[in-house]
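All heavy atoms count here, side chains included; hydrogens, waters and symmetry mates do not. Lettering of chains follows the sequences in order, A, B, ..., and the numbering in each one begins at 1.
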Amino acid sequence: MLDVKLLRNQFDEVKKKLAQRNEDISALDEFGDLDKKRREVIQKAEELKSKRNKVSQEISQMKRDKKDASSVIAEMQNVSAEIKRLDEEQRELDEDLTHILLTLPNIPHESAPVGAEEDENEEVRTWGELPEFSFEHKPHWELAKELDILDFERASKVTGSRFVFYKGLGARLERALINFMMDLHEDEHGYTEVLPPYMVNRDSMTGTGQLPKFEEDAFKIREEDYFLIPTAEVPVTNMHRDEIMTAEDLPKAYTAYSACFRSEAGSAGRDTRGLIRQHQFNKVELVRFVKPEESYEQLELLTSQAEKVLQLLKLPYRVLNMCTGDLGFTAAKKYDIEVWIPSNETYREISSCSNFEAFQARRANIRFKRDKKAKAEYVHTLNGSGLAIGRTVAAILENYQQEDGSINIPEVLRPYMRGKEKITN
RNA sequence: GGAGAAGUACCCAAGUGGCUGAAGGGGCGCCCCUGCUAAGGGUGUAGGUCGUGCAAACGGCGCGAGGGUUCAAAUCCCUCCUUCUCCGCCA
């Protein structure tokens, strides 16, 4: 959510920046009139309320003095009726304004490159050597099938398309990655581990920005008005919804493993094979609550911690600074980390590290005080995948494949796999 | 799922229609006293948000949430949410 005062005072500048995005911002034009109208109505209503409060005191005094108050009471009946009408008018204006504010995207940071399309994202750095195969390498779904560690067919029988069973060392590898990443972030990077609910309510989805605009992307439990989480970002960020932290609490850092559920509406036909695009996948998420003045250095830190996972796994990757048109709805700045997927002959997103500034904090009402007397300010929130597990499995299978179809297990994972060095038949 | 009870400021808690933005504690700030500590005495402060305003300030809202009754609601009525206790069911 944008800052109303900023929108009020610097409307043209804000509009110009929002126009750099790939988002519909037509709602913006109604803002000015509604906002002005709303304040007029509030003023009128408050004047009358002030009067009513005063006269009520007088009536109270008259009653105690045993005087007749009936003519004043009759007059107040009209005042109260008018107040009621104005309150109703304000309620409607509030509703319209809130709707507008909730559907406007975040303002891009100045360091985000201006651009409309994916190919205008800026490559910041690359890491690692791309593998060279002296044999014909295979996509991970073929390798997995031969090794009998992934079963897409039975999953689509049991549930539907875009679901998968992991089996044997495949399941073990997935679980090893979860534990390896969680241990790294908790023990080396100082995060507090959280295991969140996988369903959240509507307020939480609104707090982090999935709602109201992107309801079709989520799976919904209709009877309860709950949603399956698309990422642990939602429950973990909303843990502190409607709270005021102290300055010493910040930065606050959580890492959470969770399953993630996405409807993938609009992605029909894309990545239909393999682990890249599933309705349910596992992810280790990093979430940080920080002071506003620190949030950009904290974004660099967060991104480096996600990169560390790939470095330890010795998987080649690159980091992109996302352009304004590709930032998504909520981020002011976003780095995507992309891992090399040999079968795609390209890098694929495996982590997305974002600074939301106060955009989520304002929606979710997450604040802090610099000291006891200070006014509460909004925190800045950040999060990033650290990493998406399924895509990491795909990357390991493809990058670590051997000519005989076996997979070398990255050294750092071996303690998590009973010391095993290879996945073979 | 059934039956009860409760939700008031940072915490505990009083308050059943007007003089209650809300008694009283605790906590917190300052002062005094005691060699330090523990304890004691005095005194002060009270959250948040919205509107007008450069500001000082003024005003509105606020007692779990949302409606309603009334000139006037923490207080009366309705709906919902949460927590606790007991029973049932259950991984």
Heavy-atom closest pair (M182(A) atom, A256(A) atom, distance to 0.1 Å) is SD-C, 4.1 Å

Would you mind reading off the distance between R362(A) atom CZ and G48(B) atom C1', rounded to a whole angstrom? 17 Å

Atom pair distance, as rounded to whole Å: CZ in R8(A) and P in G53(B): 10 Å

Please report the distance, rounded to the nearest Å, between NZ in K49(A) and C1' in U52(B). 15 Å

In short, salt bridge (charged side-chain N to carboxylate O under 4.0 Å, His left out) pairs touching residues 49-58 of chain A with sequence neighbours left out are K49(A)-D87(A), K51(A)-E75(A)

Minimum-distance nucleotide to Q57(A) side chain [options: U49(B), C19(B), C50(B)]: C19(B)

What distance, rounded to whole Å, do you find between the two P atoms, one in G17(B) and one in C77(B)? 12 Å

C71(B) versus C78(B) - spacing of their C1' atoms, nearest Å: 23 Å

Between G51(B) atom P and E46(A) atom CD, what is the distance in whole Å? 9 Å

The complete set of ring-ring contact (aromatic ring centres under 6.0 Å, His included) pairs with one or both residues in residues 263-286 of chain A, sequence neighbours excluded, reads F163(A)-H279(A), F219(A)-H279(A)

Does the side chain of R38(A) get closer than 4.0 angstrom to OP1 or OP2 of C50(B) through an N or O atom? no

E377(A) CD to U49(B) P, straight-line distance once rounded to whole Å: 11 Å

In whole angstroms, how far is the P atom of G48(B) from the CZ atom of R367(A)? 8 Å

Could you tell me the separation between the CG atom of L101(A) and the P atom of C50(B), rounded to a whole number of Å? 13 Å

Strictly under 4.0 angstrom, non-hydrogen atoms only: write out the protein contact profile of nucleotides 68-73 of chain B, one letter per nucleotide from the 5' end, B, S or -. SS-BS-

Verdict with reasoning, Y254(A) to H240(A), per ring-ring contact (aromatic ring centres under 6.0 Å, His included): CA-CA 12 Å; Y254(A) 294 107; H240(A) 293 294; 5.6 Å; yes

With sequence neighbours left out, the residues meeting salt bridge (charged side-chain N to carboxylate O under 4.0 Å, His left out) with E264(A) are R277(A)

In whole Å, what separates the C1' atom of A39(B) from that of A22(B)? 32 Å

Return whichever of K51(A) or I244(A) has its heavy-atom-nearest nucleotide of RNA chain B closer to the 5' end. I244(A)

Between Q360(A) (side chain) and T208(A) (backbone), is there a donor-acceptor pair under 3.5 Å? yes

C63(B) versus A9(B) - spacing of their C1' atoms, nearest Å: 9 Å

Once ring pair (Phe, Tyr, Trp, His ring centres under 6.0 Å) is applied, do any residues pair with Y296(A), and if so which ones, sequence neighbours excluded? H109(A)

Relative to each other, are the rings of H185(A) and H189(A) parallel, tilted or perpendicular (30° and 60° limits)? tilted

Distance check, P atoms only: A72(B) and G68(B), in whole angstrom units. 12 Å

C61(B) phosphate, OP1 or OP2, under 4.0 Å from N53(A) side-chain N/O: yes

Ring pair (Phe, Tyr, Trp, His ring centres under 6.0 Å) partners for F359(A), two or more places apart: F329(A)

In whole Å, measure the gap between the P atoms of U79(B) and C87(B) for me. 28 Å

Please list all pairs meeting salt bridge (charged side-chain N to carboxylate O under 4.0 Å, His left out) that have one or both residues in residues 150-168 of chain A, counting only residues at least two apart or in different chains. K145(A)-E153(A), D148(A)-K167(A), D151(A)-R154(A)

What pairs with Y317(A) under ring pair (Phe, Tyr, Trp, His ring centres under 6.0 Å), at least two apart in sequence or on another chain? W127(A)

Please measure how far the C1' atom in G62(B) lies from the corresponding atom in A73(B), and state the result in whole Å. 13 Å

Closest nucleotide of RNA chain B for K5(A) versus for S60(A): which of these residues is on the 5' side? S60(A)

Keeping to residues at least two apart or across chains, list the ring-ring contact (aromatic ring centres under 6.0 Å, His included) pairs with something in residues 43-64 of chain A. none

Whole angstrom value for the distance that separates P of C19(B) from NZ of K54(A): 16 Å

Strictly under 3.5 Å: I want the nitrogen or oxygen pairs between protein and nucleotides 64-66 of chain B, one per line.
none

If you look only at pairs with a residue in residues 226-254 of chain A, which of them pass as a salt bridge (charged side-chain N to carboxylate O under 4.0 Å, His left out), with sequence neighbours excluded? none

Does any donor-acceptor pair link the side chain of Q43(A) with the base of G51(B) at a separation under 3.5 Å? no

When rounded to the nearest Å, what value does the distance between P atoms of G21(B) and G60(B) take? 11 Å

Pairing stems for RNA chain B [at least three consecutive pairs; Watson-Crick or G-U; under 3.5 angstrom]: B:1-7 with B:81-87, B:10-12 with B:24-26, B:28-32 with B:40-44, B:48-52 with B:57-61, B:64-68 with B:76-80

